[in-house]
Amino acid sequence: MIKFPSNMKSGDVRQKFLEFFKSKQHKIVPSAPLVVKNDPTLMFTNAGMNQFKDYFLGNSNPISPRIANTQKCLRVSGKHNDLEEVGHDTYHHTLFEMLGNWSFGDADRPEKGYFKKEAIEWAWELLTDIYKIDKDLLYASYFGGDEKDGLEPDLDTLNFWKKVLPEERILPGSKKDNFWEMGDSGPCGPCSEIHVDLRPEKERKRLAGKELVNKDHPLVVEIWNLVFIQFNRLADGNLQKLPSKHVDTGMGLERLCMTLQGVSSNYDTDIFQPIIQKAAAIAGIKYGENEKNDIALRVVSDHLRAVAFSIADGQLPSNNKSGYVIRRILRRAVRYAFTFLGQKEAFLFKLIPTLTKVMGDQFPELISQQQLVKKVIQEEEVGFLRTLDTGIRLLNEVIKNCKKENLKVVSGKNAFELYDTFGFPIDLTELILRENKLEVDLEEFKSELLKQKERSRSATSIETDDWKIVRDADTVTEFIGYDHLEARVKIVRHRKIISNKKEFYQLVFDKTPFYAESGGQVGDTGFIEAHGSSYAVLDTQKENDLLVHILEKLPEKLDAEFKAVVNSSLRMKTIKNHSATHLLHQGLRGILGKHVEQKGSLVEADRLRFDFSHFQKLSDEELSRIELFVNEKIMANYPLQEKRKLSLDRAVEEGALALFGEKYEGEVRTIRFGDSIELCGGTHVQATGEIGLFKIISESAIAAGIRRVEAVTGPKAIAWMQDSESLLNAINKSLNVSPKNTMKAVNSLIEENKKLQKELENLNMEKVVSLRKTLIQDAEIVKGVKIITKRIDNESTESIKDLVFEINKNSKNTISLLGARFGDKANLWLMISSNLVDEKGLNAQEIIRFIGKDINGGGGGQAFYATAGGKNPDGLETALQKGREFILSKL
RNA sequence: GGGGGAUUAGCUCAGUUGGCUAGAGCGUUUGACUGGCAGUCAAGAGGUCACCGGUUCGAGCCCGGUAUUCUCCA
């Protein structure tokens with residue numbers, strides 16, 4: 001292994017990168033949250049460029065032409081799916097840090113942006129001068145062209161590299177390796193990768209590194225990718241030249257540290273080692289002694305990072321969408337810890353303090369959310385271990401059956417059911433079966449899985465057309481809905497989407513009074529109108545920075561000027577709830593403590609919902625204090641103090657509450673009512689008095705450490721209180737008591753009811769006992785057998801059943817046959833002492849079926865006891881008679 | 001958003017082509033043995049079988065719907 005003189009700590013590596021690009025006039029920005037909001041094509045940030053997507057697409061203007069940062073990224077689903085690889089090698093990760101530098105547009109004006117030349121020169125300078133990587137170990141690649149797309153080789157890149165690298169270490173690459181695309185459509189362009197050969201000298205002499213570039217060799221790795229974005233891929237597959245060119249680079253911090261720290265695995269760097277060591281210590285093993293243990297330790301250390309960062313950014317494990325992805329990662333870690341590290345109890349959460357120590361400096365959210373992260377992970381672990389437990393039990397059943405039937409292979413359907421319905425992982429199924437000398441039909445399992453995937457896919461197909469540009473607009477849509485509920489607008493672009501087989505149209509205007517769903521507040525509805533035709537706006541959504549209006553019909557005259565009108569009555573209700581949410585947030589923090597962090601919020605016309613971190617159920621007293629707090633703020637009638645264009649620093653200085661997992665950039669807006677100040681883009685009342693009244697209607701848990709409060713405001717709150725009052729009044733009226741005696745009356749009612757029920761039971765019992773006595777007295781005795789044949793009307797089926805059981809209780813040689821009429825229906829009961837069943841071969845079931853015909857019905861039961869029912873009560877006497885005769889004939 | 005499960009005593013769960021007056025373990029109450037505790041034994045309490053509707057002579061079990069929850073897929 002090559003030792004580099006620097007042997008830098010990961011913190012220094014990161015710092016040097018940012019300093020270097022700062023010296024090249026780049027603006028350093030913080031990492032965007034892992035969880036992506038307002039982008040239907042993306043669940044998690046999976047590349048450094050995600051947060052700048054709108055700059056590339058031209059939907060919004062960059063805050064600076066040159067930017068650099070370190071970005072936490074999660075790669076676990078979609079195009080880049082590495083999850084099952086992670087841990088088995090030394091370089092795949094779910095969560096990693098991407099160091100990147102960007103240039104946005106203006107390549108023709110070198111004093112601002114830049115393109116290939118500078119990107120390559122600086123990359124070289126940083127790697128060799130600052131990080132002091134041996135120049136002889138570096139390789140570069142360039143795009144070799146692609147006929148199908150009609151693209152020439154990227155000779156510019158080749159020429160720039162020639163200035164610093166010998167030609168034999170500059171390699172042409174295919175479209176797969178050297179043409180970068182964001183997704184099926186969107187910005188794209190040729191790229192140039194920098195690879196480093198970290199093999200020992202002996203091996204390097206034997207085989208040139210260039211033979212191993214892009215061949216998945218663990219020590220010949222890509223460390224930096226420089227992307228030169230100059231095209232837009234359309235939905236039909238064609239390429240369109242972009243008006244301005246961009247640079248987008250990404251260098252994985254983990255790999256870079258491996259290079260600079262002279263180790264042969266990302267997991268041997270100071271990023272992972274503390275976590276691995278801690279996990280090994282808890283498990284009582286050593287890293288590096290056993291391959292299977294090592295894989296498990298790598299899985300655990302990697303997944304722990306991914307899950308912890310996601311939770312800190314507000315994404316909790318759950319059973320769908322992005323929450324489900326997080327759950328799956330966590331479960332994979334538990335699986336490995338369970339199987340290979342022998343951890344049968346929750347374990348991962350114990351590693352959180354170590355992770356926080358390693359990463360907390362750069363990512364303060366880990367520190368402030370530590371308690372929550374720990375609690376959530378622990379709870380999830382316990383839950384999954386329970387799932388595993390039931391799975392193992394079910395699997396044991398399967399194994400038992402297989403052994404009984406002498407089968408060697410468990411069907412894939414069986415294994416799939418375990419996986420699909422009970423969440424029991426297939427690899428564990430295989431493992432346990434192998435221990436029992438059985439195997440599973442994997443082919444069948446896979447085909448079942450495929451079937452399920454197909455079903456899901458066909459159920460959720462969304463087709464999206466390309467945007468059709470109506471008129472050029474270089475600026476972003478201006479939202480004017482803070483001040484106006486009506487405006488004259490023009491359509492800038494539109495497209496058709498098909499979702500669930502229904503067609504919708506998405507429209508973007510030059511400016512709009514419609515609020516697009518964000519920050520929990522739902523999107524506005526309303527209509528647009530021109531030339532006497534009006535079109536309903538069903539919803540307004542945000543797609544990154546684009547404000548998209550959703551309509552069922554596309555207006556005919558696209559170039560017309562439209563009157564846009566927001567449904568103001570809904571909006572007015574909504575703003576009450578939004579302002580109340582701010583006051584609620586303030587109240588929660590004041591009364592419960594500063595650990596309360598917003599974890600989710602929904603603001604609509606009818607109600608508001610607020611999720612926050614807190615570790616126990618709110619007591620009734622806390623709830624009423626919070627309710628009172630908010631209502632006092634309402635009565636104080638604080639006026640709205642809104643600041644629209646403030647720098648983030650300034651806003652925070654003024655005391656504004658910023659949320660983890662939210663992206664803030666450039667200028668922010670603050671909303672203040674009295675002492676409550678929040679960063680917020682939503683719409684609000686002019687003064688808190690407008691809210692009228694605030695009423696909490698429910699409090700519940702939604703996950704470990706997260707509580708939910710739902711509330712209503714204004715007329716809705718009044719209606720709610722009136723409803724509960726009239727309900728109480730109605731109850732009092734029925735009970736004929738005054739309000740202060742309600743509880744007393746209800747309690748005594750319950751008591752009395754219980755007492756009466758007991759009494760009734762006793763009474764019934766007494767009746768049964770006395771009836772039983774007379775029946776036994778009246779019984780005819782034939783050959784030592786007591787035979788009771790009797791019709792008993794006016795009793796419930798239940799008590800007759802009791803009676804029959806009572807008669808035959810503890811008595812031998814007894815047969816009771818009872819009949820009863822209920823309106824136009826009839827029933828029969830027959831019980832035969834078990835010794836008669838054995839000795840005389842009497843079967844109650846047979847007999848009851850036979851005589852059941854007479855009452856026009858059927859029946860059944862066991863040999864000693866059977867019942868029948870029918871629709872002909874007039875046949876009861878015949879049935880009893882026939883039954884008696886039949887029994888006599890058998891004795 | 002689409003599939004598949006689950007819901008039975010305070011808790012964890014059984015309940016076998018519909019015949020059930022619904023069971024087990026743990027917990028709980030009482031009593032016995034022991035100087036006390038632990039322990040052992042015995043007896044007991046505790047259930048609208050999630051809810052609504054249907055099929056059937058009869059439904060915990062079958063069918064439809066609702067709610068809650070788990071799980072897989074997107």
Side-chain angles (χ1 to χ4, degrees), chain A residues 40-41 43 77-78 81 317-325 327-328 331 380 382-391 393-394 397 401 413-426 445-446 448-462 499-502 700-703 753-754 757-758 761 764-765 768 796-809 819-831 843-846 848-873 875-876 879:
Chain A
T41 64
M43 284 201 275
S77 59
N81 191 346
S318 72
N319 62 353
N320 53 33
K321 302 221 167 108
S322 39
Y324 180 57
V325 174
R327 174 168 280 175
R328 254 179 24 198
R331 289 186 166 192
E380 270 295 306
V382 170
F384 184 52
L385 288 167
R386 209 170 23 230
T387 301
L388 288 183
D389 217 51
T390 21
R393 236 186 27 235
L394 291 168
E397 283 296 311
N401 286 336
K413 271 200 173 133
N414 249 328
F416 185 75
E417 192 201 3
L418 271 170
Y419 169 75
D420 180 44
T421 302
F422 299 100
F424 196 70
I426 182 69
F445 176 85
K446 281 179 189 157
E448 288 292 315
L449 186 63
L450 219 65
K451 263 192 249 167
Q452 143 128 318
K453 285 190 176 180
E454 199 38 57
R455 248 198 324 264
S456 290
R457 231 192 303 277
S458 59
T460 41
S461 64
I462 295 181
S499 167
N500 270 343
K501 289 172 189 154
K502 272 183 84 179
S700 56
I702 59 161
N753 190 36
K754 259 189 186 164
Q757 242 171 28
K758 272 265 181 271
E761 250 171 60
N764 259 330
M765 205 31 107
V768 164
S796 71
T797 49
E798 276 304 302
S799 43
I800 299 179
K801 201 174 190 178
D802 276 342
L803 178 62
V804 175
F805 272 83
E806 279 302 316
I807 294 171
N808 280 53
K809 204 171 172 183
R821 174 193 189 122
F822 298 96
D824 54 356
K825 286 193 174 180
N827 287 69
L828 291 165
W829 292 259
L830 172 61
M831 183 168 257
N843 188 326
Q845 195 166 200
E846 277 171 21
I848 211 84
R849 286 220 174 102
F850 172 60
I851 62 176
K853 285 178 197 147
D854 292 310
I855 54 167
N856 199 6
Q862 299 109 300
F864 77 101
Y865 170 68
T867 56
K871 289 166 188 163
N872 177 24
L876 268 173

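Below, read A as the first sequence line, B as the second, and so on, with proteins coming before strands; counting in each chain starts at 1. Bear in mind the structure is a predicted one, so any value in this text is a computation, not a measurement.
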Once side-chain hydrogen bond (donor to acceptor under 3.5 Å, both in side chains) is applied, do any residues pair with [X], and if so which ones, sequence neighbours excluded?
{"X": "A:Asp854", "answer": "A:Lys882"}
{"X": "A:Arg327", "answer": "A:Glu380"}
{"X": "A:Asn414", "answer": "none"}
{"X": "A:Lys871", "answer": "none"}

Inset, instruction - Output all residues satisfying side-chain contact (heavy atoms from CB on, under 4.5 Å) with A:Pro425, sequence neighbours left out; order by chain, then residue number. - result: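 Counting only residues at least two positions away or on another chain, A:Pro425 forms a side-chain contact (heavy atoms from CB on, under 4.5 Å) with A:Arg335, A:Phe384, A:Leu388, A:Asp427, A:Leu428.
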Legend entry - First of A:Glu417 and A:Ala826 reached from the 5' end of RNA chain B, by closest nucleotide: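 That would be A:Glu417.
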Distance, [atom1] atom - from [M] to [N], rounded to whole angstrom:
{"N": "B:U68", "M": "B:A74", "atom1": "P", "answer": "25 Å"}
{"N": "B:C61", "M": "B:U7", "atom1": "P", "answer": "11 Å"}
{"N": "B:C51", "M": "B:A6", "atom1": "C1'", "answer": "15 Å"}
{"N": "B:G31", "M": "B:C37", "atom1": "P", "answer": "12 Å"}
{"N": "B:A59", "M": "B:G25", "atom1": "P", "answer": "29 Å"}
{"N": "B:U12", "M": "B:U48", "atom1": "C1'", "answer": "23 Å"}
{"N": "B:A45", "M": "B:A9", "atom1": "C1'", "answer": "11 Å"}
{"N": "B:U8", "M": "B:U69", "atom1": "C1'", "answer": "16 Å"}

Please enumerate all residues that pass salt bridge (Lys or Arg N to Asp or Glu O under 4.0 Å) together with [X], with sequence neighbours excluded.
{"X": "A:Glu417", "value": "none"}
{"X": "A:Arg849", "value": "none"}
{"X": "A:Arg393", "value": "none"}
{"X": "A:Lys453", "value": "none"}

Inset, instruction - Report yes if a side-chain nitrogen or oxygen of A:Lys825 is closer than 4.0 Å to either non-bridging phosphate oxygen (OP1 or OP2) of B:C57; otherwise report no. - result: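 No, outside the criterion.
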Legend entry - Heavy-atom donor-acceptor pair, A:Gln845 side chain to A:Gly860 backbone, under 3.5 Å: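 No: the side chain of A:Gln845 does not pair with the backbone of A:Gly860.
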Inset, instruction - Spell out, as yes or no, whether a donor-acceptor pair under 3.5 Å connects the side chain of A:Thr390 to the backbone of A:Thr387. - result: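 Checking the backbone N and O of A:Thr387 against the side chain of A:Thr390, a donor-acceptor pair under 3.5 Å is found.
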Inset, instruction - Sugar-phosphate atoms are those with a prime plus P, OP1 and OP2; base atoms are the rest. Using that split, label each nucleotide of nucleotides 66-74 of chain B B, S or - for protein heavy atoms under 4.0 Å, 5' to 3'. - result: -----BBBB
Legend entry - B/S/- contact track for nucleotides 9-19 of chain B, protein heavy atom under 4.0 Å: ----SS----B
Legend entry - Side chain to side chain, A:Asn827 and A:Thr867, heavy atoms closer than 4.5 Å: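 No; the side chains remain at least 4.5 Å from each other.
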Inset, instruction - Let me know the distance between CD1 of A:Ile855 and P of B:G58, rounded to the nearest Å. - result: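 Atom CD1 in A:Ile855 sits about 11 Å away from atom P in B:G58.
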Inset, instruction - Round to the nearest Å and state the distance from A:Ile848 atom CD1 to B:G58 atom C1'. - result: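 Rounded to the whole Å, the gap is 12 Å.
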Legend entry - Intra- and inter-strand pairs of RNA chain B in dot-bracket (Watson-Crick or G-U wobble, both distances under 3.5 Å; | for another strand): (((((((..((((.....[...)))).((((((.....)))))).....(((((..]....)))))))))))).
